[in-house]
Amino acid sequence: MKIASWNVNSLKVRLPHLQQWLAEAQPDIVALQETKLTDDKFPVDEIAAMGYRAVYSGQKTYNGVAILAKDEPRDVVTDIPGLDDPQRRILAATVGDIRVIDLYVVNGKALGDEKYDYKLHWLSMVRDFVAAEIARHPRLVVLGDFNICRDDRDVYDAVAWGEDIFCSPPEREALQALLDAGLHDSFRLFNDEAGHFSWWDYRQAAFRRNMGLRIDLILISDALKSAATSSIIDKAPRRWEQPSDHAPVALELTL
DNA sequence: ATGGTCGATCGTCGA
């Protein structure tokens, strides 16, 4: 069983990369972020031709999330209970006996910006939703683009970055609150090293210089932790022509 | 040098 996440930065542009990666990696479940497509434009047929069912929650120009799976996703949720939000950033579905919550966390722009306040509020609402979901679904995976670096190992120049956006204490506390709901950062079950990133800016040849951040995470409940055998960042698609600025991340389980 | 690069959209914003 393989579960993956990828911020594709426009599914329209990146569909050929997604198709190539699905063919090579063969994940059972993959969560996508930044599809930037309204639901009527979602490439259902092309995805079906790859052997995947899809559920999606999109909007024009911005945001947009989707879950692809070889088995039919069911019990789909597209909104955080109690949060009236037009931005399409969350998608929950059950595949087999695994509950999947796909997140495209608010970027936040800068400390003090109104988008930063929205980010923290959005995360607090997500935490409450995750706490309710984990009570109902012991096998829970919460994955996506978190737009938070959990600790300094996840930043290419932590001294220079300091406590700026993605690394501020309130953001890190919000991520820790999610983990405290009963989740584990699957990558860190297998790798303690600094310098493993999932996103690199398009500018300044950042990828070639490995000037990146680890912001794409796969968080898993206790029941899945005991079955996890690997959790990796697949940098290969970042080297392809016209890539997403994010690499896919993938978890393997013996289930 | 207050920039740089993408994507959506078509001047400018978001990341």
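Chain letters run A, B, ... following the sequence lines, proteins first, then strands; residues in each count from 1. Bear in mind the structure is a predicted one, so any value in this text is a computation, not a measurement. When reading the values below, keep in mind they use all heavy atoms of this one structure, side chains included, and skip hydrogens, waters and symmetry mates.
- Positionally, the nearest nucleotide of DNA chain B for A:Gln204 lies more toward the 5' end than for the other of A:Gln204 and A:Lys60.
- Considering only side-chain atoms of A:Tyr202, the nucleotide from B:dT5, B:dA15, B:dG4 that sits closest is B:dT5.
- Per the geometry, CG belonging to A:Asn107 stands 8 Å off C1' belonging to B:dG14, to the nearest Å.
- Going from atom CG of A:Leu37 over to atom C1' of B:dA8 covers 11 Å, rounded to whole Å.
- The CG-P distance, from A:Asn63 to B:dG14, rounds to 11 Å in whole Å.
- Rounded to a whole Å, the CZ atom of A:Arg203 is 13 Å from the C1' atom of B:dG7.
- Rounded to whole angstrom, the span from the CD atom of A:Glu241 across to the P atom of B:dC6 amounts to 10 Å.
- For the residue pair A:Arg88 and A:Asn63, no side-chain donor N or O sits within less than 3.5 Å of a side-chain acceptor on the partner.
- Ring geometry for A:His17 against A:Trp240 counts as perpendicular: the plane angle is over 60°, on a 0 to 90° scale with 30° as the lower cut.
- Residue A:Asp245 contributes atom CG, which lies 17 Å from atom P of B:dG4 at whole-angstrom precision.
- Both A:Lys115 and A:Arg14 sit near DNA chain B, but only A:Arg14 has its closest nucleotide nearer the 5' end.
- Within the 3.5 Å criterion, the main-chain N or O of A:Leu91 finds no donor-acceptor partner in the side chain of A:Ser57.
- For the pair A:Lys36 NZ and B:dA8 P, the computed distance is 6 Å after rounding to whole Å.
- Between the CG atom of A:Asn147 and the C1' atom of B:dG14 there is a distance of 11 Å, given to the nearest Å.
- Residue-level contact check: A:Phe166 touches neither bases nor backbone, having no heavy atom under 4.0 Å from any strand.
- The separation of B:dG4 from B:dT12, taken at their P atoms, amounts to 15 Å, rounded to a whole angstrom.
- More than 12 heavy atoms of other residues, nucleotides or ligands shown are found within 6.0 angstrom of NZ on A:Lys2.
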